[in-house]
Amino acid sequence: RLDVPANVKFKLVVKNLDNERAEFESKRMKIEKIIAANAETTLNVGPLKPGEYPFVEEFHEDVARGAIVAR
């Protein structure tokens with residue numbers, strides 16, 4: 001869970017520390033990004049209206065999930 005200010009653009013750095021590719025996905029934020037093994041990417045996000053924005057690692061959705069909360 002990550003709290004961010006509402007109505008403000010921000011950069012989100014997503015690191016994949018695994019030895020296989022990952023996919024960061026948030027349907028509510030309309031983000032879908034493949035991240036290579038042992039790599040990172042920077043996503044420009046927002047501005048987000050107040051609320052909760054769930055995300056998952058698409059290939060391991062059952063255990064890799066979280067949310068960004070805009071306040």
Side-chain angles (χ1 to χ4, degrees):
R1 181 180 170 128
L2 176 65
D3 291 331
V4 300
N7 304 310
V8 176
K9 291 182 181 182
F10 62 95
K11 291 182 187 252
L12 178 65
V13 177
V14 182
K15 295 182 179 182
N16 178 8
L17 303 177
D18 291 336
N19 292 325
E20 58 185 54
R21 69 186 183 131
E23 181 177 352
F24 180 90
E25 181 174 0
S26 173
K27 291 184 170 126
R28 183 139 190 244
M29 289 188 288
K30 298 178 181 159
I31 297 173
E32 188 172 4
K33 181 73 175 175
I34 298 287
I35 306 163
N38 300 301
E40 68 179 54
T41 191
T42 301
L43 304 170
N44 294 308
V45 182
L48 299 175
K49 293 179 182 179
E52 186 167 304
Y53 297 81
F55 62 84
V56 297
E57 194 284 287
E58 180 74 14
F59 304 134
H60 301 98
E61 205 172 319
D62 55 331
V63 294
R65 56 182 52 242
I68 293 175
V69 180
R71 298 180 191 269

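This chain uses plain numbering: 1 for the first residue, then up along the sequence.
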Original post:
Is it true that Val45 and Leu2 fall in one hydrophobic cluster, defined by side-chain heavy atoms closer than 4.5 Å?
Top reply: yes
Original post:
What distance do Glu57 atom CD and Asp18 atom CG have between them, rounded to the nearest 0.5 Å?
Top reply: 7.5 Å
**OP:** To the nearest 0.5 Å, tell me how far Asn44 CG sits from Leu12 CG.
**Re:** 9.5 Å
Original post:
Cut-off 3.5 Å, side chains only: do Asn38 and Asn19 have a donor facing an acceptor?
Top reply: yes
**OP:** Nearest 0.5 Å please: distance from the CZ atom of Arg71 over to the CG atom of Asp3.
**Re:** 4.5 Å
Original post:
Is there side-chain contact between Lys33 and Glu58, with at least one heavy-atom pair below 4.5 Å?
Top reply: no
Original post:
Does Ile31 share a hydrophobic cluster with Val8, counting links as ILVMFWY side-chain heavy atoms below 4.5 Å and allowing steps through other members?
Top reply: no
Original post:
Stepwise, does the side-chain contact (heavy atoms from CB on, under 4.5 Å) test hold for Glu20 with His60?
Top reply: CA-CA 11 Å; Glu20 58 185 54; His60 301 98; 3.1 Å; yes
Original post:
Just by distance, do the side chain of Thr42 and the backbone of Val13 share a donor-acceptor pair under 3.5 Å?
Top reply: no
Subject >> Distance in Å, Lys30 NZ paired with Tyr53 OH, rounded so as to fall on 0.5 Å steps >> reply: 10.0 Å
**OP:** Evaluate side-chain contact (heavy atoms from CB on, under 4.5 Å) for Val14 paired with Leu43, printing each intermediate quantity in order.
**Re:** CA-CA 8 Å; Val14 182; Leu43 304 170; 4.0 Å; yes
Original post:
Looking at CG of Asn7 and CG of Leu48, how far apart are the two atoms once the value is rounded to the nearest 0.5 Å?
Top reply: 8.5 Å
**OP:** Could you tell me whether the side chain of Arg28 and the main chain of Glu52 form a donor-acceptor pair under 3.5 Å?
**Re:** yes
Original post:
Step by step, would you call Glu32 with Phe24 a side-chain contact (heavy atoms from CB on, under 4.5 Å)?
Top reply: CA-CA 6 Å; Glu32 188 172 4; Phe24 180 90; over 6 Å; no
Subject >> Euclidean distance, Asn16 CG relative to Ile34 CD1, rounded to 0.5 Å >> reply: 10.0 Å
